[in-house]
Amino acid sequence: MISVQKLSKRFGAQTAVNELSFEVPAGQIVGFLGPNGAGKSTTLKMLTGMLEPSSGTANICGFDLRRQPIEVKRHVGFVPESGAVFESLTGLEYLEMIAALYGIPKQVAEPRIRQFIAFFDLAFDTLTEKLLGAYSKGMRRKVVITAGLLHNPPVVFFDEPLDGLDANAAVGFKALIQTLAREGKTILYSSHILDVVERVCDRVIIIDKGRLLLDGAPDALVAENGAGTLERLFTELTGGAELEQRAAEFAKTFLP
Amino acid sequence: MSGAASAESEPAETARALRRLFLTLFLRGRTSRGLRRSSAPRSIGVKLFWTLAVYTFVGCSAFAFWERSLFVLSASLHAMTFLFLGMFVAASGGEVLFNEQEAEILLHRPVAPRSLLWAKIRVLVEVSLWLAAALNLGAFIAGVAMPAGSWLFLISHAVSVTLEALFCTGCVVVVYQLCLRWFGRERLNGLMTAAQVLVAISLTLGGQVVPQLIARYGGKFELSTDSWWVSFLPPLWFASLDDAVAGGGSLGSWALAGLGVLATAGLLALAFGRLARDYEQGLQSLSEAQPAPRHGRARRRWFDLLVQHPPLSWWLRDSVVRASFLLTAAYLVRDRELKLRVYPGLAPILAMPILVLLRGSREHGAGFAVAFSGAFLGLVPSLALGTVRYSQHWQASDVFRAAPLVGPAQLCHGARRAVMVVFTVPVLCVFLALVLLANAAVADLMLLLPGLLLLPLQSLYPCLTGEAVPLSMPSEEAKAAARGYKMVGVMLVSFLVCALGLWARSGGWFWWLVAGEVVVVAVLYVLLRAVAARVRWPSME
């Protein structure tokens with residue numbers, strides 16, 4: 001479903017993503033991990049057609065990212081980390097605008113929006129009456145997730161989707177993506193919350209400095225490397241192993 | 001709460017840090033996302049330099065009063081200072097005083113709200129004084145060197161301009177705080193936006209139209225401190241201070257000067273004393289979720305109705321164009337930041353034809369005035385489209401790139417159609433009303449045609465480079481961008497065509513010109529649309 005081949009992105013002299021290659025079959029949830037600045041968001045922006053790769057390409061749902069970017073976009077949903085929305089629109093106006101961008105007729109879009117509203121426990125009045133600028137962070141995140149899934153894409157990229165969601169909504173969301181995957185959707189899930197990734201994802205890809213470090217099932221990777229947990233494995237791989245020691249020493253400087 | 005960290009107990013370093021913070025934020029903007037770090041400070045410095053240079057140039061009009069009395073010179077300069085400072089403080093006050101993100105950043109720090117208020121007022125007054133100094137540079141020289149001048153004018157004018165800056169700032173602070181007290185936070189934004197837009201339009205129109213009216217009806221009234229009506233005009237209170245110290249020094253001047261000092265002191269006491277207690281409450285309520293505007297739904301229904309029925313339903317058949325139209329129209333009627341940039345920006349365009357109509361019907365005949373008005377119509381879509389692309393919510397425009405759209409053409413078409421419906425049609429109605437008010441013959445109205453026929457091309461022009469994608473650029477870049485030369489090009493084409501129209505009418509071949517223009521515009525329109533359709537998304541890097 002997703003085939004990434006030697007994908008690279010350079011910003012001037014800086015290489016953000018360096019010849020990244022991986023394959024994701026249909027129905028799999030893949031955790032896409034890496035420390036800050038590893039190149040995760042850049043990769044997601046390239047895979048969603050928002051940023052042009054410097055070299056390499058990807059094939060998504062049978063469409064080549066470089067030659068058929070519009071078809072790729074039609075088959076991909078993206079929930080960005082920023083959660084940015086047009087704050088002077090109401091939630092409903094925003095979602096209707098998104099539907100129009102994907103060519104979804106209003107009579108099809110409205111029941112679908114209502115389904116999402118019901119799932120996320122949002123009041124329809126809130127969606128029609130309040131401008132998005134007045135929404136809480138969690139409510140806004142729910143609207144952004146709805147906007148990413150509204151056109152029923154076979155491939156979905158999530159960038160920190162739980163940011164701002166309350167515990168109940170987060171539980172519901174995790175169940176939702178697992179169900180979506182069982183029904184054949186392919187999900188690339190980028191997050192820093194490693195225990196959630198460990199529980200939800202069938203497989204994890206860890207990158208650092210734009211390069212692929214590890215790729216495999218979380219349990220297998222943890223066992224192979226003798227790390228105990230995914231978090232431990234991640235910190236060992238990305239140079240964070242000495243952080244605990246540094247934190248302990250730093251905390252001592254606060255003692256009277 | 002404020003007792004624990006009162007303004008008095010805070011060290012001077014805190015006050016200095018706050019002042020430095022608000023001054024930096026004011027000059028650089030609250031968000032510099034999208035600006036390069038290396039170019040941001042330079043662009044701010046250059047912008048400030050040119051602003052002060054323009055103010056100094058405008059202030060040189062003081063030399064036009066060389067032969068008049070010191071009071072007339074001072075009155076004109078204080079009126080101008082009041083206009084410019086009033087606009088500046090009214091436009092900046094809301095953002096400086098009540099910023100929504102600020103509560104979360106600063107209210108949990110050991111700083112009293114009153115200290116925040118003081119620091120902000122200090123910054124507003126400080127920048128006002130820079131502008132006032134630049135604007136009055138010519139006046140300082142003229143006031144000393146002119147026949148009726150005196151070296152005392154240097155001191156008196158410095159004091160009176162400072163008082164005027166404090167008065168302007170105090171007025172705005174008091175109005176904000178009264179609005180907060182009387183109408184509550186939920187209506188503050190809407191009220192202040194409407195007030196700021198009205199003030200900016202009135203000041204721009206007034207600043208350009210009133211001198212013409214005075215010139216037209218000049219000599220029918222005389223400016224003197226003995227006139228009863230001068231006590232109702234705040235700029236004249238401060239001009240009277242100059243007259244009292246460095247000019248005639250009549251009893252009337254001293255009385256008016258005293259009124260100015262008392263009014264300023266009273267305003268400051270009100271702003272920083274009685275009403276300052278409400279400021280903390282106001283700041284706290286900013287971080288709370290704000291209720292939806294009551295009118296939000298009605299406006300939405302109005303737009304929905306419009307796009308669902310002919311002729312707009314025919315014009316907006318494409319779903320992406322319609323979505324872009326609705327987005328742009330919603331922002332044009334709702335978004336405070338956009339309204340504050342778009343509407344005052346249109347005021348000078350409206351003012352120019354009014355001026356020409358005022359003069360034109362007497363000097364050149366109404367035909368020239370009507371043709372000139374038509375030329376200005378062509379500027380409306382370009383100006384509005386150039387403004388609509390900037391927004392604080394520009395990051396949300398990532399959805400346009402993620403959507404299956406080949407390029408930005410459909411979004412640009414939606415935006416330009418929204419601008420045509422929301423702006424150009426109402427402006428055309430205002431023009432028609434003005435033309436009729438100026439006693440132009442109905443036959444003269446045909447001279448609007450050459451300008452009107454250009455509208456489709458003028459509105460299409462920003463789409464050729466994909467620059468008309470609505471809300472897609474950080475609003476901070478609008479301040480740094482140099483877009484003036486493109487407007488000059490649009491203006492030249494408009495004026496050229498309208499001049500042709502006048503020539504054609506006097507030569508008896510006007511309708512031939514119109515027919516030719518229709519053909520040329522139609523051909524160019526098709527060609528330009530094809531070019532616009534080929535535009536691809538520019539690189540995000």
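A note on names: the letters A, B, ... follow the listed sequences, proteins ahead of strands, and every chain is numbered from 1.
Atom CZ of R536(B) sits in a crowded spot, with more than 12 heavy atoms from other residues, nucleotides or ligands closer than 6.0 Å. The neighbour count for R66(A) CZ, taken as heavy atoms of other residues, nucleotides or ligands under 6.0 Å away, is above 12.
Proximity of the aromatic rings of F400(B) and Y102(A) is defined here by a centroid distance below 6.0 angstrom, and this criterion is not met.
With chain B as the partner, the residue from V85(A), T48(A), V76(A) showing the most heavy-atom pairs under 4.5 Å is V85(A).
The two residues S88(A) and D335(B) have their closest heavy-atom pair at OG-OD1, 2.7 Å. In plain terms, the two heavy atoms of S319(B) and G103(A) that are nearest each other are OG-CA, 4.1 Å. Listed here is the closest heavy atom pair of A396(B) and A84(A): N-CB, 3.5 Å.
Note that the CG atom of L101(A) and the CG atom of L411(B) stand 6.5 Å from one another [nearest 0.5 Å]. The CZ atom of R401(B) lies 8.0 Å from the NZ atom of K73(A); values are rounded to the nearest 0.5 Å. Taken from OG in S324(B) to CE in M97(A), the straight-line distance is 9.0 Å, to the nearest 0.5 Å. Taking CD of Q308(B) as the reference point, atom NZ of K106(A) lies at 5.0 Å (rounded to 0.5 Å).
Contact of S397(B) with chain A is made through backbone and side chain together, with heavy-atom distances under 4.5 Å.
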When you look at D398(B) and M50(A), which way does the side-chain contact (heavy atoms from CB on, under 4.5 Å) test go after all the steps? CA-CA 8 Å; D398(B) 277 357; M50(A) 293 168 66; 3.5 Å; yes

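For the pair L327(B) and Y94(A), the minimum side-chain heavy-atom distance is 4.5 Å or more.
The residue from R334(B), H393(B), Q392(B) that alone fulfils the side chain to side chain contact (heavy atoms under 4.5 Å, CB included) condition with E87(A) is H393(B).
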